[in-house]
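Here the structure comes first, spelled out in structure tokens, and everything after it is commentary.
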Amino acid sequence: MKKVEIVNEKMTLAQLKKGLVVAGRLVLKETKDGELAIYFIPYNRQPRIRRKEMLIHTLEFGRVTETAQRVRLYESIPKKLGLARITCILDRETREAKTALFDKELIENI
């Protein structure tokens with residue numbers, strides 16, 4: 001006769017009663033009396049804590065934000081302005097974003 005034993009059964013059964021799926025692995029082991037038993041071992045995954053983006057500067061058509069590893073420049077310019085104006089706006093807002101980053105760096109170091 002084979003039996004299934006659940007490691008950490010209180011947490012596993014509570015999640016199953018809520019209707020959640022429990023991810024884990026099944027292991028076939030031999031018990032002390034020589035019988036085979038199936039063990040279910042749930043994964044112990046911790047939720048990731050995501051740090052939100054910090055706003056550095058607001059631009060006319062976008063924003064400059066900072067995460068733990070990146071500085072992001074978001075732009076959204078309407079097409080109806082035409083190619084010449086769009087390129088001028090991109091250049092202007094890129095310069096403004098650079099200035100905002102320099103100002104932030106100066107403030108942090110003082």
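Note that the structure is predicted; figures quoted are calculated from it, not measured.
For residues 97-110, every residue pair satisfying the side chain to side chain donor-acceptor pair (under 3.5 Å) rule, not counting sequence neighbours, is listed here: E66-K104, K104-E108, E105-N109. Screening residues 45-62 for salt bridge (charged side-chain N to carboxylate O under 4.0 Å, His left out), with sequence neighbours left out, gives E53-R72, E60-R92. Residue pairs that meet the salt bridge (charged side-chain N to carboxylate O under 4.0 Å, His left out) test with at least one member in residues 16-29, sequence neighbours left out, do not exist here.
If you chain together ILVMFWY residues whose side-chain heavy atoms come under 4.5 Å of each other, L101 ends up grouped with I56, L59, V64, V71, L73.
Applying the side chain to side chain contact (heavy atoms under 4.5 Å, CB included) rule to I107 yields no partners; only residues at least two apart in sequence or on another chain are considered. I86 pairs by the side chain to side chain contact (heavy atoms under 4.5 Å, CB included) definition with I77, L81, L90, not counting sequence neighbours.
Looking at every heavy atom in both residues, F61 comes nearest to P78 through CE2-CD, 3.7 Å.
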- Message: Quick one, I38 with V27, criterion side-chain contact (heavy atoms from CB on, under 4.5 Å). Give me CA distance, side-chain angles, the key distance, then yes/no.
- Response: CA-CA 6 Å; I38 299 173; V27 180; over 6 Å; no
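The shortest side-chain heavy-atom distance between H57 and R63 does not fall under the 4.5 Å cut-off.
Of the possible polar contacts, none joining the Q15 side chain to the V21 backbone as a donor-acceptor pair under 3.5 Å is found.
Taking OH of Y74 as the reference point, atom CG of L55 lies at 11.0 Å (rounded to 0.5 Å).
Linking Ile, Leu, Val, Met, Phe, Trp and Tyr residues whenever their side-chain heavy atoms come within less than 4.5 Å leaves I41 and M11 in two separate clusters.
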